[in-house]
Structure formats: C-alpha cells, structure tokens
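Small disclaimer: the values here were computed from a predicted structure and weren't measured. Position 1 is the first residue of the sequence; numbering continues from there. The figures here come from the full heavy-atom set of this structure, side chains too, leaving out hydrogens, waters and symmetry mates.
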Amino acid sequence: MPDSLPGPEQHAVAPTERGIRLDALAAIIASLVGLLALIVAGYTAYIQRQQVRARVWPHLHIGQSTFPPSIYVENQGVGPAIVRSVEVLVDGKPQLDWDQVFAAVGMHGDINTQGPSMGGYVLTPGHVTNWLNFEFTREQYQSFEDALRVTASGNSRQNSPAPEIDYGSFEGKQRVLFNQFLDGAKRSRLQVRICYCSSLGDCELAIWAVGLREQQAQQCAALPESEQFQQ
C-alpha cells in the first residue's frame with residue numbers, strides 16, 4: 001500500500017527550519033565581520049602607535065672623543081631621551097662617583113673633572129654632552145706637570161726647578177690623563193650602563209666599555225639607589 005501523503009503540518013515545518021539555518025548563518029557571518037573589523041581596528045591602532053613611537057624614539061650613543069678628550073653621550077634619535085638611571089661598574093662592582101672610579105682603575109691624586117650629572121638628564125635629538133672632562137686650574141695644571149717629570153728610576157725630580165708652562169699645551173696634558181684613564185678602565189673592565197626612556201615610556205639600555213662596540217638592550221632593570229652612579 002503506498003505511503004500516506006504528508007499532512008499539512010509536515011509542509012509547514014520545512015520552511016521554518018530553513019529560516020533558522022539562514023538566521024544562524026547570518027549571525028555567524030555577522031560575528032566574523034565584527035571580528036574582522038576588530039582585527040583591522042587593532043592592527044590600525046598598532047601601526048599608528050608604531051608610527052608615533054618612530055617619531056619620538058631616542059637613541060643614546062656613548063663614546064669617547066679625542067677633541068676634547070672626553071666621554072660623551074649623544075642622542076642620535078628623533079625624540080627626547082629621558083635618562084632614568086646611570087650605572088658605572090668596575091670589575092662588575094658598582095661605583096658611586098668618579099672618585100671611586102678613578103681609585104678603582106688605579107688613578108690617584110686630586111683629579112678635577114667637569115660634566116653634568118646624567119641622572120634625570122633629558123637629551124633633545126642631536127644633543128651631545130661631554131659627560132667626563134678632565135679640567136685643571138693653572139695651579140693644578142702646574143702640579144700635574146711636576147708629577148709627570150719623573151726619572152727613569154721612577155724618582156720624581158722635586159728639587160728641579162719647574163719650567164714655565166705654556167697654557168696652550170693644556171690639551172696635550174688633558175690627553176695624557178685621559179689616556180691613563182682609558183688604559184685603567186680597559187684593564188679594570190669598566191662598563192657604563194645608561195637606562196633611558198622615550199616620551200611614551202619605552203625604555204632601552206645603552207652599554208659602553210672601552211674598546212668594545214656599544215650595545216643596546218630592550219629592558220632596563222630597576223636599580224636600587226645604592227647602586228646608581230651619583231656623579
């Protein structure tokens with residue numbers, strides 16, 4: 001006997017099921033479109049932030065100059081560099097000021113230096129500061145000249161009359177003292193570490209040592225006050 005024909009209730013169910021499926025498909029498509037819009041918006045925001053970062057990104061370069069003899073810090077980036085902390089290490093041990101550094105690298109006596117305190121310092125793009133300069137008064141310069149007049153046996157000629165000093169040769173004496181510092185710094189593995197940040201708060205670490213290429217690191221560790229260089 002042939003199957004019975006479907007009743008009117010069965011004919012009414014099929015369109016409803018198709019409608020539900022279409023609604024579900026539309027909801028899925030709408031969700032995917034919304035997700036894609038969020039991804040595009042997020043990527044656009046990321047690109048915009050990267051562009052802003054690129055416009056304000058600093059780059060600190062630490063180096064040594066022969067004219068005048070000095071250690072200098074230069075901002076070679078395009079945005080201001082905000083110095084967060086400075087650390088000077090000799091044989092891995094933090095030093096508090098230049099007097100400690102000079103003693104640690106084997107330099108003794110009254111050494112007069114000139115330069116800014118780098119902690120909290122802000123360097124605008126292209127700005128160069130001579131961080132460590134050896135400076136003398138005329139009296140200190142004369143004393144230094146006397147100290148350099150040493151016999152071959154190492155005994156100073158304190159009884160010899162001091163020659164008249166040409167102050168124009170001051171730079172040459174600066175260079176002698178500066179080279180003594182570089183030799184001692186290399187022998188004692190002196191290392192300078194400057195943590196600096198951009199105006200957006202992104203920070204990097206500039207690392208310098210005598211005779212080695214400058215390095216940059218992405219993270220700056222927070223330093224306790226006792227280990228920060230105080231100039």
Side-chain angles (χ1 to χ4, degrees), residues 44-90 94-98 101-102 105 111-136 168 170-186 189-223 225 227-231:
T44 301
Y46 171 77
I47 293 299
Q48 290 175 342
R49 176 171 173 79
Q50 292 300 101
Q51 291 174 340
V52 172
R53 289 178 66 191
R55 287 196 291 267
V56 299
W57 191 253
H59 179 83
L60 276 195
H61 170 70
I62 310 170
Q64 61 193 63
S65 171
T66 57
F67 186 77
S70 61
I71 302 296
Y72 69 88
V73 180
E74 178 183 7
N75 182 6
Q76 297 180 344
V78 294
I82 305 167
V83 177
R84 182 180 178 186
S85 63
V86 179
E87 187 179 19
V88 178
L89 304 173
V90 176
Q95 309 296 311
L96 294 182
D97 52 37
W98 286 122
V101 170
F102 295 146
V105 302
I111 302 173
N112 190 28
T113 63
Q114 197 173 62
S117 176
M118 293 299 297
Y121 202 73
V122 179
L123 287 86
T124 55
H127 182 76
V128 181
T129 181
N130 287 328
W131 181 35
L132 172 61
N133 291 290
F134 292 98
E135 297 289 346
F136 297 95
F170 169 64
E171 181 194 340
K173 303 308 177 184
Q174 273 187 313
R175 184 169 289 108
V176 170
L177 192 57
F178 184 63
N179 288 337
Q180 289 177 353
F181 167 73
L182 293 180
D183 291 341
K186 186 175 183 179
R189 296 180 300 169
L190 179 143
Q191 187 182 77
V192 175
R193 301 164 65 90
I194 299 180
C195 176
Y196 64 97
C197 305
S198 72
S199 56
L200 295 179
D202 299 312
C203 301
E204 280 196 357
L205 184 67
I207 306 172
W208 176 85
V210 179
L212 298 178
R213 176 177 290 185
E214 180 196 42
Q215 304 174 41
Q216 296 281 327
Q218 293 296 325
Q219 298 295 330
C220 294
L223 288 176
E225 189 72 22
E227 294 184 12
Q228 292 192 31
F229 191 71
Q230 304 297 330
Q231 196 74 359

*Determine the minimum heavy-atom distance between Val101 and Phe229, stating which atoms define it.*
CG2-CE1, 3.9 Å

Kindly list each side-chain donor-acceptor pair under 3.5 angstrom involving residues 73-90, sequence neighbours excluded, with atom names and distances?
unit_1	atom_1	unit_2	atom_2	d
Glu74	OE1	Gln76	NE2	3.4
Asn75	OD1	His59	N	3.2
Asn75	OD1	Gly77	N	3.0
Asn75	ND2	Gly79	O	2.8
Asn75	ND2	Leu123	O	2.9
Asn75	ND2	Thr124	O	3.4
Glu87	OE1	Arg193	NE	3.4

*Sequence neighbours excluded, which residues qualify as side-chain contact (heavy atoms from CB on, under 4.5 Å) partners of Asn130?*
Pro68, Ser70, Tyr72, Asn133

*Determine yes or no for a side-chain-to-main-chain donor-acceptor pair under 3.5 angstrom, with Gln230 supplying the side chain and Gln228 the backbone.*
yes

*asked:* Measuring from atom CG of Leu60 to atom NE2 of His127, what distance do you get when rounded to the nearest 0.5 angstrom?
replied: 10.5 Å

*If we only count heavy atoms from C-beta on, is the Trp208 to Leu190 side-chain gap below 4.5 Å?*
yes

*According to the interplanar angle, ranging from 0 to 90°, do the rings of Trp98 and Phe181 count as parallel (below 30°), tilted (30 to 60°) or perpendicular (above 60°)?*
perpendicular

*Rounded to the nearest 0.5 Å, how far apart are CG of Leu132 and CZ of Phe178?*
6.5 Å

_For a 4.5 angstrom cut-off between non-hydrogen side-chain atoms, does Thr129 reach Met118?_
yes

*Is it true that Cys203 and Cys220 have SG atoms closer together than 2.5 Å?*
no

*Separation of Ile194 CD1 from Trp131 CH2 (nearest 0.5 Å)*: 5.0 Å

